[in-house]
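Just below is one structure, and these are the notes that go with it.
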Amino acid sequence: MTLIKSISGIRGTIGGKVGDNLTPVDAVKFAAAYGTWLKKYIGKEKITVVVGRDARISGPMIHNLVVNTLIGLGIDVIDLGLSTTPTVEVAVPLEKAEGGIILTASHNPKQWNALKLLNEKGEFLNGEEGLKILEIAEAEAFDFSDVDDLGEIMINDAYMDIHIDEVLNLPLVDVDAVKAAKFKVVVDGVNSSGGIIIPRLLALMGVEVVELYCEPNGHFPHNPEPLKEHLTDISELVVKEKADLGIVVDPDVDRLAFICEDGEMFGEEYTLVACADYVLSKTPGNTVSNMSSSRALRDVTNGHNGSYEASAVGEVNVVELMKKNNAVIGGEGNGGIIYPELHYGRDSLVGVALFLTHLANKKMTVSALRASYPEYYMSKNKIELTPQIDVDAILVAMTEKYKNEDITTIDGVKIDFAENWVHLRKSNTEPIIRIYTEAASQEKADALALRIIDEIKAIAGI
């Protein structure tokens, strides 16, 4: 089955049978469930929802289905059309809307699409809210409006520019310093909306832009997850163009990766580290990332006399802990920057603007900046188990085995050793244990992962 229903929304592949894939019927059903939940729990006479989409081929179809379903429920829609996840998140509170829907499957390949659901703050719904929507969808407990009470569509295609203006107006974004640096940057927009909004932002910051895959036609030229093995084209072009750096975003522009001037990866984990280093140097405070993110953020935060905390994996969990700890910046090691000064959501535009300001102030190359941070390497593995094996029992056994170490169990089991760490998490959808390790060298990270895998297999008897 390639229809995944979770508390954070619904995603699946286009085509196929109802209930097995993201078909038009499924899109309508979950849009209706979200709209019904809003009407029931917001309790206002008139409700408005902001809707935007990335450039996926299926985008216009899913978009029309979702918008018209909301209209049928008597909900007004502010239609942003082609947009980004952070743009919709910014638009919801600015429009004083009661909610928002982003139609994107983020870094998934082109056959996927999804409905990401937002509350009135432009933030992702929490688990309790998501569960209620799933229950409404399952029961098909919808009550559509009479003909005189249908909602209305208001088209607003200005929000990418509004979003850019909001970023450029942030006190820590120094446009003059970036202009003076005269940067040349290659942008890989993976033929989605990032190909519009990132070059537009850079142009206003006085950056010379070389565009690569910036036509928003939804035909992704490579796997859209911004990992090293997918980014050979931009790595080569940065060197060929003698650019200062490369910028890569995923289709909905909430993940951000940089390429150094020599064509090497800056490291997705270090996007947040660099941005946090700059923010903390100007506004001392605390930081948060998830438990599978690099220890480098902790080191940099401590270096600025701040406090670092790790949350369970998932943007909602990061945001919740950021609010609790009054974090000045946070995010995820997958290149997701959350800067509360603008909004509580991963935002590549904020990341680009802060990073370029930092780089302009430092007056050094991107590779030199990367070399200035603590050196950590990660190894990401998984063990596939038979359905008969009790994954929870394995995690309990590992916790007992390492009970004398620094252990956290809010999200699987994380074991912090003095020089490295391992994070074990079970999949919610299949009998898999994910094993993330980090150490001072790739060899040590890989060796720790292999050791833990052997120990798990011994416990499981495989």
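Bear in mind that the values here come from a model prediction, so they are computed numbers and not experimental data.
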Treating [X] as the side-chain partner and [Y] as the backbone partner, does any N or O pair qualify as donor plus acceptor under 3.5 Å?
| X | Y | result |
| --- | --- | --- |
| H230 | E225 | yes |
| T87 | S83 | no |
| H423 | D411 | yes |
| Y34 | G100 | yes |
| N191 | H219 | yes |
| N286 | N325 | yes |
| K414 | M291 | yes |
| S281 | Y278 | yes |
| D277 | V273 | no |
| N108 | W112 | no |

A368: partners by side chain to side chain contact (heavy atoms under 4.5 Å, CB included), with sequence neighbours left out: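 Per chain and number, A368 pairs via side chain to side chain contact (heavy atoms under 4.5 Å, CB included) with M364, T365.
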Verdict with reasoning, I234 to Y213, per side chain to side chain contact (heavy atoms under 4.5 Å, CB included): CA-CA 9 Å; I234 186 170; Y213 309 136; over 6 Å; no
Non-hydrogen atoms of [X] and [Y] that approach each other most closely:
| X | Y | value |
| --- | --- | --- |
| Y270 | P374 | OH-O, 2.6 Å |
| S193 | A55 | N-CB, 4.1 Å |
| L202 | V209 | CB-CG2, 3.6 Å |
| S289 | V318 | C-CG2, 4.5 Å |
| I410 | A310 | CD1-O, 4.1 Å |
| L395 | V413 | O-CG2, 3.7 Å |

With salt bridge (charged side-chain N to carboxylate O under 4.0 Å, His left out) as the rule and sequence neighbours excluded, what pairs involving [range] come up?
| range | value |
| --- | --- |
| residues 160-172 | D161-R200 |
| residues 361-376 | R370-E375 |
| residues 94-110 | K44-E98 |
| residues 174-195 | K184-E241 |

Would you say [X] and [Y] make side-chain contact, with heavy atoms under 4.5 Å?
| X | Y | answer |
| --- | --- | --- |
| M160 | I197 | yes |
| I259 | M265 | yes |
| D54 | T84 | no |
| V185 | V238 | no |
| D233 | L212 | yes |
| R255 | T271 | no |
| K240 | L237 | yes |
| I329 | M322 | no |

Proximity of F355 and F266 rings by center, below 6.0 Å: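 Yes: the rings meet the under 6.0 Å criterion.
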Check: Y402 ring centre within less than 6.0 Å of F417 ring centre: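 Yes.
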Residue list, side-chain hydrogen bond (donor to acceptor under 3.5 Å, both in side chains) with S192, at least two apart or on another chain: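 For S192 there are no side-chain hydrogen bond (donor to acceptor under 3.5 Å, both in side chains) partners, ignoring immediate neighbours.
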Those residues that, when tested against T437, pass side-chain hydrogen bond (donor to acceptor under 3.5 Å, both in side chains) (two or more places apart):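 side-chain hydrogen bond (donor to acceptor under 3.5 Å, both in side chains) check on T437 returns nothing, list empty.
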Hydrogens and angles aside, do [X] and [Y] bring a side-chain donor and acceptor to less than 3.5 Å of each other?
| X | Y | result |
| --- | --- | --- |
| D446 | Y377 | no |
| N302 | Y308 | no |
| N21 | T13 | yes |
| N381 | S379 | yes |
| H107 | N223 | no |

Run the salt bridge (charged side-chain N to carboxylate O under 4.0 Å, His left out) test against [X] and tell me which residues pass, sequence neighbours left out.
| X | result |
| --- | --- |
| D250 | none |
| K116 | D252, D254 |
| E332 | R346 |
| D416 | R295 |

Derivation and outcome, side chain to side chain contact (heavy atoms under 4.5 Å, CB included), residues F30 and K5: CA-CA 10 Å; F30 279 86; K5 307 167 190 174; 3.7 Å; yes
Residue pair I4, I10: steps toward the side chain to side chain contact (heavy atoms under 4.5 Å, CB included) verdict: CA-CA 6 Å; I4 301 168; I10 175 173; over 6 Å; no
Result of checking L297, V352, L354, L256 against C275 for side-chain contact (heavy atoms from CB on, under 4.5 Å):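 Exactly one option meets the side-chain contact (heavy atoms from CB on, under 4.5 Å) with C275, and it is L354.
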As an exercise, state the distance from [atom1] of [X] to [atom2] of [Y], rounded to the nearest 0.5 Å.
| X | Y | atom1 | atom2 | answer |
| --- | --- | --- | --- | --- |
| E320 | Y344 | CD | OH | 11.5 Å |
| D347 | E89 | CG | CD | 7.5 Å |
| L272 | S293 | CG | OG | 7.0 Å |

N-O pairing of K242 and E261 below 4.0 Å: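 E261 and K242: not salt-bridged.
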Within 6.0 angstrom of E128 CD, more than 12 heavy atoms from elsewhere: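 No - once you tally the heavy atoms of other residues, nucleotides and ligands closer than 6.0 Å, there are 12 at most.
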Over 12 non-hydrogen atoms of neighbours within 6.0 angstrom of CD in E405: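 More than 12 heavy atoms, drawn from other residues, nucleotides or ligands, come within 6.0 Å of this atom.
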Verdict with supporting geometry, I78 and V51, side chain to side chain contact (heavy atoms under 4.5 Å, CB included): CA-CA 6 Å; I78 297 173; V51 180; over 6 Å; no
Pairs meeting criterion ring pair (Phe, Tyr, Trp, His ring centres under 6.0 Å) with involvement of residues 155-184, two or more places apart: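 For residues 155-184, and leaving out neighbouring residues, there are no ring pair (Phe, Tyr, Trp, His ring centres under 6.0 Å) pairs at all.
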